[in-house]
Amino acid sequence: APIAFDASTFEIWGALLNGSALAVMPPGLHSLAEIGLSIQRFGVTTAWLTAGLFHSMVDHELDSLTGLRQLLAGGDVLSPSHVRRFLDAAPGCTLINGYGPTENTTFTCCFTVPSQHPADAAVPIGLPIAGTRILVLDENLKPSETGELFAAGDGLARGYLGQPELTAQKFIVHAGERMYRTGDLVRRRADGNIEFLGRIDRQVKLS
């Protein structure tokens, strides 16, 4: 990830604070083939890919991912068919769907995808990571099975620099706790895992 992207903090410190070597791509834009070659050349065992890059790598450079032991993907909805293809090709790798807005420091929830995950089933965003709390609330800020996802905990940002009005709008105090309203529509499944459904506003992602 570019150094300005919050995922870079996970990539850098997740490796170094756990005794791992860090493989750094040289500056510039790289093709899928170059990324695949670097993964193989440096013997990468853990990698983070955005959902879009994950899908592209599965489509065009799947073989280069099969040596990974752990792959985290996220930033957008994961395609169940791509997930199934990857799991079939890399049975020795743990695939994790990571979800989280920058305002809560990279990851808020994670879901370890089971090896038998169906090719036609949505991939949940899972459960909150350690030190993080989430609430699913309706438009009246009441707990609901389906509603907006609110995040709180150790990773919560202070707000938006120089934008007090936006900070007050997005970071609220609810039940005595400061939390961030993500704008993401989710539902809590019977097994407790959270499933992303879409946006409550008209925000779209361009890639």
Side-chain angles (χ1 to χ4, degrees), residues 1-20 22 24-25 27 46-54 70 72-78 96-112 123-188 192-207:
I3 198 70
F5 183 21
D6 67 335
S8 67
T9 61
F10 164 77
E11 291 180 316
I12 295 169
W13 299 111
L16 299 184
L17 293 177
N18 286 280
S20 296
L22 182 63
V24 181
M25 292 288 290
T46 297
W48 151 258
L49 301 176
T50 62
L53 182 54
F54 169 70
Q70 182 174 239
L72 298 98
D76 205 342
V77 178
L78 292 186
I96 299 173
N97 184 20
Y99 160 87
T102 299
E103 290 86 347
N104 202 39
T105 314
T106 313
F107 286 138
T108 295
C109 296
C110 284
F111 178 75
T112 300
V123 182
I125 59 175
L127 299 171
I129 66 171
T132 294
R133 291 172 294 283
I134 60 170
L135 287 174
V136 180
L137 304 176
D138 64 17
E139 57 186 11
N140 298 313
L141 301 185
K142 301 295 184 183
S144 176
E145 180 179 312
T146 300
E148 184 178 359
L149 183 65
F150 288 70
D154 296 339
L156 198 62
R158 296 179 181 179
Y160 300 107
L161 184 63
Q163 300 186 68
E165 292 184 0
L166 182 60
T167 297
Q169 176 187 347
K170 290 291 189 177
F171 293 86
I172 67 170
V173 176
H174 176 71
E177 184 171 35
R178 186 170 177 271
M179 46 183 46
Y180 170 69
R181 54 187 322 158
T182 66
D184 289 332
L185 181 65
V186 301
R187 75 176 182 96
R188 193 182 297 274
N193 283 298
I194 302 297
E195 182 178 340
F196 176 82
L197 301 177
R199 293 287 300 176
I200 64 169
D201 54 23
R202 300 178 68 182
Q203 176 180 297
V204 296
K205 178 170 288 190
L206 302 178
S207 59

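Because the structure is predicted, anything quoted here is derived from the model rather than measured.
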Listed pairs under 3.5 Å, donor-acceptor, residues 1-13 side chains, sequence neighbours left out:
residue, atom, partner, partner atom, Å
D6, OD2, T102, OG1, 3.4
D6, OD2, T106, N, 3.2
S8, OG, I3, O, 3.1
S8, OG, F5, O, 2.8
T9, OG1, D6, O, 2.6
T9, OG1, T106, OG1, 3.4
E11, OE1, A1, N, 2.9

Sequence neighbours left out, what passes side chain to side chain donor-acceptor pair (under 3.5 Å) with [X]? Give chain and number order.
| X | result |
| --- | --- |
| R178 | none |
| D138 | none |
| E145 | none |
| E195 | R187 |

| task | Could I get the full list of side chain to side chain contact (heavy atoms under 4.5 Å, CB included) partners for Q169, not counting sequence neighbours? | result | L166
| query | Got a sec, which residues hit side chain to side chain contact (heavy atoms under 4.5 Å, CB included) with T105, two or more places apart in sequence or on another chain? | reply |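 Partners of T105 under the side chain to side chain contact (heavy atoms under 4.5 Å, CB included) test: none.
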| said: Suppose we screen for salt bridge (charged side-chain N to carboxylate O under 4.0 Å, His left out). Which residues come up paired with R181, at least two apart in sequence or across chains? | reply: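 Counting only residues at least two positions away or on another chain, R181 forms a salt bridge (charged side-chain N to carboxylate O under 4.0 Å, His left out) with E148.
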| said: Once salt bridge (Lys or Arg N to Asp or Glu O under 4.0 Å) is applied, what residue pairs with a partner in residues 102-112 remain, sequence neighbours excluded? | reply: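 Residue pairs passing salt bridge (Lys or Arg N to Asp or Glu O under 4.0 Å), neighbours aside: none found.
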Under 3.5 Å, which donor-acceptor pairs do the side chains of residues 125-135 form with other protein atoms, sequence neighbours left out?
residue, atom, partner, partner atom, Å
R133, NE, E177, OE2, 2.5
R133, NH2, E177, OE2, 2.7

| message | Using a 3.5 Å distance criterion without hydrogens, assess whether the side chain of T50 forms a donor-acceptor pair with backbone atoms of G75. | response |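 Not confirmed, T50 side chain does not pair with G75 backbone.
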| said: For residues 124-160, which residue pairs pass the ring-ring contact (aromatic ring centres under 6.0 Å, His included) check, not counting sequence neighbours? | reply: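 Of all non-adjacent pairs touching residues 124-160, those that pass ring-ring contact (aromatic ring centres under 6.0 Å, His included) are Y160-F171.
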